[in-house]
Amino acid sequence: MMVEPFWVQVNESEPTLRQGDYLPGCLVPIPVFDPTIFGKNSEIQDVQIELNELDLIVLTQSCDLDNKKVAQVVLCAIYHISDFEENNEAFKKKGKWNEVLRGRIEGLHLLASPTNPANNKESLVVDFRDIQTLPYEYVLKHASNLKDRWRLKSPYLEHFSQAFARLFMRVGLPSTIEPF
């Protein structure tokens with residue numbers, strides 16, 4: 001089966017950020033709290049920071065990035081399927097990725113590989129539950145250091161954005177009409 005490429009490769013002399021930009025190797029500060037002391041009193045506790053290196057994809061709208069309306073860029077984690085399976089054993093089960101593909105696993109979204117879109121085993125999984133925010137200037141500098149990088153193209157970009165929106169627009173009801 002022929003799979004149309006989801007991505008376009010960009011190499012810009014004047015770097016820009018767009019929703020759907022794939023940015024591997026971003027440094028993300030993660031606060032480490034001691035649960036035995038956190039919240040026990042009103043004193044401010046010393047907080048350690050770990051620096052994790054994550055592959056991220058930009059969620060912030062392109063128009064907000066273009067017009068510099070944001071000081072922080074919203075991004076989320078993106079993994080190769082094989083890397084995701086290493087930390088999530090349940091996804092090694094047959095048929096699990098088809099559930100994600102059909103939108104039946106909340107918070108996860110599949111994108112074709114930038115380099116080999118026809119091979120579904122090389123797909124990327126976006127984890128919308130792993131949201132990060134980083135300063136605009138840092139993200140722009142990181143993107144410019146990447147030289148060649150991948151950008152999600154239309155209509156896959158809109159589908160990706162819509163999948164993110166579906167996660168947050170869900171409404172849980174206390175009761176419902178009985179099934180017919």
Side-chain angles (χ1 to χ4, degrees), residues 1-11 16-32 50-62 64-65 70 72-134 138-140 142-143 145-172:
M1 177 199 281
M2 178 65 179
V3 177
E4 182 179 321
F6 284 34
W7 304 88
V8 62
Q9 196 166 36
V10 293
N11 184 339
T16 60
L17 285 177
R18 296 277 185 273
Q19 183 182 50
D21 278 2
Y22 177 29
L23 305 172
C26 290
L27 294 178
V28 178
I30 307 292
V32 180
E50 286 182 0
L51 266 183
N52 289 351
E53 188 175 306
L54 297 175
D55 292 351
L56 301 173
I57 187 167
V58 176
L59 291 167
T60 301
Q61 292 287 337
S62 295
D64 290 337
L65 295 166
V70 293
Q72 299 283 316
V73 179
V74 179
L75 310 108
C76 65
I78 185 169
Y79 303 92
H80 293 275
I81 280 184
S82 57
D83 295 334
F84 190 83
E85 286 177 342
E86 283 180 29
N87 296 317
N88 301 277
E89 293 284 324
F91 286 88
K92 290 182 178 180
K93 288 174 49 180
K94 184 178 171 132
K96 199 68 168 175
W97 289 116
N98 284 328
E99 290 181 48
V100 175
L101 190 59
R102 291 184 190 106
R104 294 185 181 151
I105 307 284
E106 293 168 355
L108 298 180
H109 183 71
L110 285 175
L111 296 169
S113 162
T115 57
N116 192 3
N119 185 347
N120 63 3
K121 294 293 184 187
E122 292 183 28
S123 294
L124 301 171
V125 60
V126 179
D127 187 349
F128 291 132
R129 296 164 298 189
D130 189 352
I131 299 171
Q132 307 295 328
T133 57
L134 293 171
Y138 166 76
V139 178
L140 183 64
H142 181 74
N145 288 341
L146 291 174
K147 305 284 187 239
D148 291 329
R149 58 192 163 94
W150 296 102
R151 178 172 286 160
L152 205 51
K153 65 183 197 174
S154 185
Y156 306 102
L157 173 62
E158 291 81 8
H159 189 253
F160 159 77
S161 181
Q162 184 180 47
F164 179 63
R166 270 195 309 272
L167 176 67
F168 288 96
M169 68 180 205
R170 295 174 299 132
V171 177

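Remember, predicted model here, so these are calculated numbers, not experimental data.
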If I compare all heavy atoms of [X] with all of [Y], which pair ends up nearest, and what's the gap?
X	Y	answer
Asp21	Arg151	OD1-NE, 2.6 Å
Leu27	Tyr138	N-OH, 2.8 Å
Ile81	Lys121	CB-O, 4.3 Å
Gly107	Leu167	N-CD1, 3.7 Å
Glu4	Pro117	O-CB, 4.4 Å
Lys96	Phe91	CG-CD2, 3.4 Å

Just how far is it from atom [atom1] of [X] to atom [atom2] of [Y], taken to the nearest 0.5 Å?
X	Y	atom1	atom2	value
Ser161	Leu59	OG	CG	8.0 Å
Gln19	Glu158	CD	CD	8.0 Å
Leu110	Asn120	CG	CG	9.0 Å
Leu124	Ile57	CG	CD1	8.0 Å
Leu56	Thr133	CG	OG1	10.5 Å
Leu54	Leu23	CG	CG	11.5 Å

Is there a side-chain contact between [X] and [Y], using heavy atoms and a 4.5 Å cut-off?
X	Y	value
Leu146	Pro24	yes
Thr60	Val74	yes
Asp83	Asp55	no
Val28	Leu134	yes

*Only one of Tyr156, Trp150, Trp7 passes ring-ring contact (aromatic ring centres under 6.0 Å, His included) with Tyr22; say which it is.*
Trp7

Output side-chain donor-acceptor pairs under 3.5 Å for residues 125-132, partner residues at least two apart or in another chain, one line each.
residue: Asp127; atom: OD1; partner: Arg129; partner atom: N; Å: 3.0
residue: Asp127; atom: OD1; partner: Arg129; partner atom: NE; Å: 3.2
residue: Asp130; atom: OD1; partner: Gln132; partner atom: NE2; Å: 2.7
residue: Asp130; atom: OD2; partner: Tyr79; partner atom: OH; Å: 3.3

*asked:* Taking the ring centre of each residue, are Phe160 and Phe164 less than 6.0 Å apart?
replied: no

